[in-house]
Amino acid sequence: MSARYKSYKYIEDLSKYDGQEITLNGWVYNKTGKGKLQFIQLRDGSGVAQCVVFKGNVSEEDFEAAKSLTQESSLSVTGTVKSNDRAPGGFELDVTSLKVYQIADEYPISPKEHGDAFLIENRHLWLRSSRQHAIMRVRSVIVKAIRDFLDNSGFRLMDSPILTPNACEGTSTLFETKYFDLGNAYLSQSGQLYAEASAMALGRTYTFGPTFRAEKSKTRKHLTEFWMVEPEAAFFDLEDDMQLAEDMTVYIVKQVLANCEKELETLERDIEPLKKIVGGFPRMSYTEAVEWLQENKVPLIQKVDGVEKEIHPFPWGEDFGTVQEEALMEQFDQPCFIYDYPTEVKAFYMKRDPENPKVVKAMDMLGPEKAGELIGGSQREDDHDLLLERIQHEDLPLEEFQWYLDLRKYGSVPHSGFGMGLERTVKWITGAKHIRETIPMPRTIHRIVP
RNA sequence: UCCUGAAUAGCUCAGCUGGUUAGAGCAUCUGACUGUUAAUCAGAGGGUCCGGGGUUCAAGUCCCUGUUCAGGAGCCA
């Protein structure tokens with residue numbers, strides 16, 4: 001068998017074929033005609049190219065076929081690549097013949113603007129439009145950047161299970177399913193606990209996969225199914241953890257700037273803020289952040305019986321909401337770490353500060369430009385008895401955590417890790433308005449189709 | 001779960017203090033044009049005004065109710 005696929009030509013390489021006769025395969029992105037001249041904007045997944053069909057240059061049948069093309073009709077076109085200033089992209093195809101695969105039905109997504117609900121209902125078609133196409137390509141580059149960075153830093157991929165026997169952090173609502181004769185299983189909301197076991201085996205590891213949250217969140221930064229990368233490393237303390245998160249973030253942005261120039265242009269993303277992501281991220285302890293909020297008169301907003309109340313000054317011990325995070329971040333144009341959170345507002349597995357048991361060695365990385373929380377991580381509790389105490393305090397099922405406690409019995413070491421939300425990172429870097437634009441088929445509270 | 005808002009042609013929307021036969025642009029179809037970039041010009045077809053109830057001589061418009069959707073809070077990545 002010959003490897004026919006290797007001979008296919010793509011629009012992104014069009015300039016390489018200047019003067020040659022080639023065949024392109026794709027879909028009609030747009031079409032305009034002017035009598036004996038037809039302009040087909042052909043889309044092939046790698047780009048869009050203008051194909052010019054002049055009545056005198058093709059057979060009568062081919063010209064009629066070109067005239068009959070509708071938006072998203074599929075075809076192959078053969079012609080000569082010519083440079084032309086009037087063509088978008090600088091090169092066009094002077095068509096000599098064409099083969100139509102299918103004349104498309106009336107396409108619902110016209111080149112005019114559309115509403116959000118309509119587009120998301122037609123997500124399977126919306127993916128073809130230039131903005132969505134660009135975001136998906138950036139997403140792909142970000143995933144590669146993450147994996148390259150970790151692989152090149154000595155981390156090894158160790159996938160975590162998706163079906164789990166319990167709620168990992170014991171807090172948020174999970175999707176539940178039957179599991180043979182063993183009762184209920186839950187879709188994982190984090191691979192972290194398993195990543196800890198992996199780290200004790202391989203040293204530096206990461207898990208990268210889908211995670212599920214059944215919380216009825218309805219905002220532009222929440223999905224019920226999203227992808228998360230979770231590095232976990234033995235012997236890392238919180239300092240190492242933050243430095244790793246910073247280095248990874250800088251690397252991701254650098255790779256996108258280097259490889260996605262066209263995509264960012266399509267998205268009309270101002271790249272100046274991205275160029276500022278060079279490292280040396282500001283760091284603030286939770287206590288320093290609270291002091292800043294107090295000095296700047298940012299209150300705690302609490303709802304009592306449906307009525308919002310502002311509480312001044314912001315009390316130490318309360319977790320930050322969007323209002324506080326955005327206020328804090330207005331000072332910075334790079335991501336910022338906030339670390340050493342109150343024990344009470346954080347998960348049971350986070351390491352208590354031996355010098356101040358009121359706080360745990362946890363950190364959040366907040367993005368600039370109102371990107372919100374991109375990363376959450378911590379040093380993990382490595383003391384068996386303290387961890388047991390926390391598990392009991394949270395009323396978690398002890399039998400199911402026995403294996404997790406074992407990790408503290410057989411050569412326990414300091415270790416740390418974090419989770420980075422892929423879609424939130426894509427949203428920040430691409431400037432997408434809504435997180436559902438950053439994953440091919442978003443799963444949200446009111447929608448599971450398509 | 002709570003708060004707020006929305007639903008009119010395939011799509012995006014307009015439709016005033018209730019008043020004749022519900023409008024526009026795009027898309028579709030027909031015709032004209034050798035340089036279009038969301039082409040232009042001429043013409044045509046296309047409606048359960050979200051469902052139900054009510055007020056009124058008269059409801060797309062006002063009231064009640066249901067449904068669906070949106071984004072904000074909470075929760076988090």
Side-chain angles (χ1 to χ4, degrees), chain A residues 29-41 48-57 63 67-68 70-72 84-89 92 94 104-122 125 129-130 168-169 171-174 189-192 210-230 245 301-308 319-323 325 345-347 364-367 371-377 418-428 433-436 438-439 444-447:
Chain A
Y29 190 65
N30 198 9
K31 199 194 77 165
T32 68
K34 200 166 176 4
K36 293 172 183 165
L37 200 53
Q38 298 288 319
F39 298 95
I40 303 161
Q41 306 297 333
V48 177
Q50 173 160 283
C51 303
V52 184
V53 188
F54 176 52
K55 195 170 184 178
N57 292 351
F63 188 72
K67 269 173 78 176
S68 73
T70 54
Q71 193 186 355
E72 291 301 320
N84 191 322
D85 292 342
R86 290 171 293 188
E92 64 183 18
D94 199 4
D105 281 3
E106 187 179 331
Y107 192 64
I109 304 178
S110 65
K112 285 266 183 171
E113 73 254 30
H114 297 277
D116 295 344
F118 176 78
L119 289 170
I120 203 71
E121 267 162 31
N122 289 285
L125 304 176
S129 60
S130 61
C168 153
E169 301 183 16
T171 50
S172 59
T173 322
L174 302 189
Q189 61 157 337
S190 165
Q192 184 216 311
T211 47
F212 307 87
R213 306 271 164 100
E215 290 290 340
K216 294 193 171 178
S217 299
K218 271 187 73 153
T219 80
R220 61 183 77 194
K221 54 183 187 182
H222 285 89
L223 290 166
T224 57
E225 178 182 311
F226 66 96
W227 284 66
M228 185 155 67
V229 58
E230 293 172 281
I301 294 168
Q302 260 189 347
K303 262 191 184 169
V304 186
D305 298 326
V307 183
E308 281 191 2
D319 207 353
F320 301 145
T322 315
V323 178
E325 287 178 359
V345 304
K346 289 290 178 184
D364 282 348
M365 191 185 85
L366 308 176
E373 202 174 322
L374 301 172
I375 283 176
F418 63 82
M420 172 185 256
L422 175 63
E423 289 76 16
R424 286 199 180 165
T425 305
V426 175
K427 179 174 182 285
W428 165 47
K433 288 179 203 74
H434 198 296
I435 198 163
R436 68 184 159 213
T438 64
I439 184 166
T444 53
I445 172 168
H446 288 303
R447 212 179 284 281

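Just so we're on the same page: letters track the sequence lines, and every chain starts at 1. For the numbers below, each heavy atom of this structure counts, side chains included, while hydrogens, waters and symmetry mates do not.
Summarising the geometry, the separation between CD on A:Gln189 and P on B:C76 is reported as 10 Å, rounded to the nearest angstrom. Separating the NZ atom of A:Lys31 from the P atom of B:A38 is a distance of 16 Å, rounded to the nearest angstrom. B:A73 atom C1' lies 14 Å from atom CD of A:Glu325, rounded to whole Å.
Between the side chain of A:Gln38 and the base of B:G35, no donor-acceptor pair of N or O atoms lies under 3.5 Å. Remark: the A:Ser217 side chain and the B:C75 base include a donor-acceptor N/O pair separated by less than 3.5 Å.
Residue A:Lys34 places none of its side-chain N or O atoms closer than 4.0 Å to OP1 or OP2 of B:A39. Between A:Asn30 and B:A39, a side-chain N or O to OP1/OP2 separation shorter than 4.0 Å is present.
Checking B:C26, B:C29, B:U37 against the side-chain heavy atoms of A:Thr70 singles out B:C29 as nearest.
Stacking of the aromatic ring of A:Phe226 onto the base of B:A77 is found: the ring centres lie under 5.5 Å apart and the planes are inclined by under 30°.
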Take nucleotides 67-72 of chain B nucleotide by nucleotide from the 5' end and write B, S or -, depending on whether a protein heavy atom sits under 4.0 Å from the base, only from the sugar-phosphate, or from neither. --SBBB
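Consecutive pairing runs in RNA chain B reach the stem threshold at B:1-7 with B:67-73, B:10-13 with B:23-26, B:28-32 with B:40-44, B:50-54 with B:62-66, where a stem means at least three Watson-Crick or G-U wobble pairs with distances under 3.5 Å.
The CD1 atom of A:Ile109 lies 5.5 Å from the CG atom of A:Leu119; values are rounded to the nearest 0.5 Å.
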